[in-house]
Each structure stands twice: as structure tokens, then as C-alpha cells.
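Everything below concerns the one structure shown next.
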Amino acid sequence: MHQAPEFSIVLPVYNEEDNLKTLADGILNAMTSVTKSYEVIFVDDGSTDGSQEVLKKICDQYPTFRGLVFQENCGQTAAFDAGFRNAKGKVIITMDADLQYDPGDIPSLLKKLDESDAVCGYRANRADTWVKRISSIIANYVRNKLSDESIRDVGCSLKAFKKECLDNVKLFEGMHRFFPTLIKMEGYKVVEVPVNHFPRKYGYSKYSIQNRILKSFRDLLAVRWMKSRYLNYKIIKQFTRED
Ligand code: UDP
Ligand code: MG
């Protein structure tokens with residue numbers, strides 16, 4: 001690719017071999033209505049199934065697709081981080097690689113960037129087990145209460161960001177669940193749009209309720225602390241000797 005693309009779509013991949021080809025076709029199809037240039041970056045987070053081979057084939061076939069492969073499984077936040085650092089677009093779109101999201105929603109997210117700096121999807125009809133749905137409602141409630149936030153569905157991966165929003169955000173493991181809060185702290189405007197959500201057909205969920213709740217609660221306390229200690233100063237005068 002000679003010229004930098006306008007949009008970069010970043011997708012973490014961990015053992016998603018049966019989802020990748022259909023996903024790539026879905027993205028190609030959805031992006032036909034978008035006139036600006038784009039790239040797709042799959043970040044293989046140390047998959048142990050055939051994901052790497054499938055990604056290689058996709059990237060050989062389509063010049064707009066790239067793949068980054070981790071040595072070992074490092075977690076979803078690390079995969080996002082690698083994608084962000086390697087993205088060439090002015091806008092970054094994030095999505096899961098498990099076919100639970102609809103690439104057809106991307107154009108509506110991009111449109112909302114006209115009036116904001118970042119757009120977060122929320123799953124209007126979430127297609128997960130009731131246990132997952134209820135735990136997510138509780139988790140969102142607790143998260144919003146403790147971090148003085150109002151984001152409906154932080155677990156929804158489908159998001160779009162102007163690149164500069166992410167430039168000053170230092171990511172730590174688990175922080176992908178707090179992108180909107182971290183960005184708002186930097187003074188950027190975040191809006192929300194409803195998006196589609198489908199049941200997982202192939203592969204398996206990488207998170208159990210227990211480990212997600214415990215880890216993200218610890219992360220929540222870290223974000224709450226960061227928010228309370230955020231440096232917020234304005235220089236109102238400068239004195240220098242004028243020669
Ligand atoms: N994922 C990843 N590394 C991990 C765990 C998950 O890259 O250690 C990817 C996974 O392949 C998928 C996305 O992150 O593309 C979300 O994972 P999953 O679908 O298992 O989460 P759920 O939808 O169950 O919350
Ligand atoms: Mg999923």
C-alpha cells in the first residue's frame with residue numbers, strides 16, 4: 001500500500017480459525033459502501049489452532065489485510081495495543097474476530113465521528129447466555145458507579161476512535177474495558193450507538209464469568225484511582241524576561 005489509509009480496523013485473534021474467512025469477507029463487503037481507503041490488521045494473540053495459517057492466506061489474497069503474530073498469548077489489551085501502534089489510519093476501528101459483531105455497523109460508527117472523537121457501540125440485543133448478560137449488567141452498573149461513568153456497554157468491542165485519542169493513553173492488561181473512560185480523561189468526546197450482536201457459532205469464549213469479574217474489578221479500582229489523581233492544571237500566566 002503506497003498511501004496511508006484513512007481507516008485501520010484492528011481485530012485481536014485468539015483461536016478463531018473457523019471465523020476468520022467469513023469475517024474477512026464480511027469486512028470487505030461492508031467496506032464497499034465506504035469510499036475512503038482502509039486497512040485491516042489482525043493481531044494473532046498466540047493462537048494454538050490454525051488461525052495463523054488462515055490469516056496468512058487472507059493476507060496473501062487481499063493487499064488491504066495485514067497480520068501481526070505474537071509469540072505467545074498476551075491478552076486482548078496487548079493485541080489492541082500492537083494493532084494501534086502499527087495502524088496507519090487516522091481513524092481506528094476495533095472489533096472482535098469471532099463473528100459476534102456485524103462489520104455492516106462500521107459505516108454508522110464512522111458517521112458518528114463527525115460529531116465526536118470516539119464512538120462506542122452498545123449491544124442493543126445482546127446474543128449471549130443469560131448468565132453472561134446479567135453479569136454484564138451488574139458489571140456495567142458497578143463500573144459506572146465507582147468510576148463516575150455513564151457508558152452503557154464497555155464490553156462491546158465495536159468502537160471507532162480518532163487516532164489522536166489513543167496516542168497518549170498508556171495501556172495495561174485489562175484496560176481495553178476502559179477505553180471510553182481513559183479517552184474522556186484526556187478531554188475527548190465519546191458518544192454511543194446501538195450495534196448488532198450475534199451468538200458465537202464457532203470457537204469458544206476466552207473468558208469465564210469468575211475470572212472476568214475479579215480481574216476487571218481490580219482494574220476498575222486502578223482506573224478509579226487514575227481518575228482521582230489525574231493532573232488537571234491550566235497555566236494562566238507566564239513570566240519571562242524580555243530582552
Ligand atoms: N482474544 C484475544 N486474546 C485473548 C482472549 C481473547 O485476542 O487472550 C480475542 C478473541 O479471539 C476475540 C476477542 O478477543 O476476537 C473477544 O474474545 P471472546 O469472544 O472470547 O470474548 P467474549 O465475546 O466471550 O466476551
Ligand atoms: Mg465473543
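Numbering of ligands and ligand atoms starts at 1, following listing order. These figures come from a predicted structure and were not determined experimentally.
- One hydrophobic cluster, built from ILVMFWY side chains closer than 4.5 Å, holds both Ile138 and Phe178.
- If you chain together hydrophobic residues whose side chains sit under 4.5 Å apart, Leu158 and Tyr122 never meet in one group.
- Under the 4.5 Å side-chain heavy-atom criterion for grouping Ile, Leu, Val, Met, Phe, Trp and Tyr, Leu55 is not connected to Val69 through any hydrophobic cluster.
- The proximity of His197 to ligand 1, defined as any non-hydrogen pair under 4.0 Å, does not occur for either the backbone or the side chain.
- Residue-level proximity to ligand 1 for Asn15 is absent, since no heavy atom of it falls below 4.0 angstrom.
- At the shortest separation from atom 3 (N) of ligand 1 among protein heavy atoms lies Asp45 OD2, 2.6 Å.
- With hydrophobic clusters built from ILVMFWY side chains whose heavy atoms lie under 4.5 angstrom apart, Val40 does not share a cluster with Tyr14.
- Within the protein, the number of N/O/S atoms found under 2.8 Å from the Mg ion (ligand 2) is 2.
- Compare Lys132, Gln100, His176, Lys206 by their heavy atoms: the one nearest to atom 20 (O) of ligand 1 is in Lys206.
- Scanning all protein heavy atoms for the shortest distance to atom 25 (O) of ligand 1 gives Arg212 NH1, 3.0 Å.
- When hydrogens are left out, the protein atom nearest atom 17 (O) of ligand 1 is Tyr207 CE1, 3.8 Å; that is the closest non-hydrogen contact.
- Every residue two or more places apart in sequence or in another chain that forms a ring-ring contact (aromatic ring centres under 6.0 Å, His included) with Phe179 is listed here: Phe80, Phe84, Phe161.
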**Request:** Apply side-chain contact (heavy atoms from CB on, under 4.5 Å) to Lys206 and Asn15, showing your working.
**Result:** CA-CA 9 Å; Lys206 312 304 177 314; Asn15 293 345; 4.1 Å; yes

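- Note: an N/O pair closer than 3.5 Å links Pro12 and ligand 1 by distance alone.
- Protein heavy atom at the shortest distance from atom 10 (C) of ligand 1 is Glu16 OE2, 3.2 Å.
- The shortest heavy-atom distance from Met95 to ligand 1 is not under 4.0 Å.
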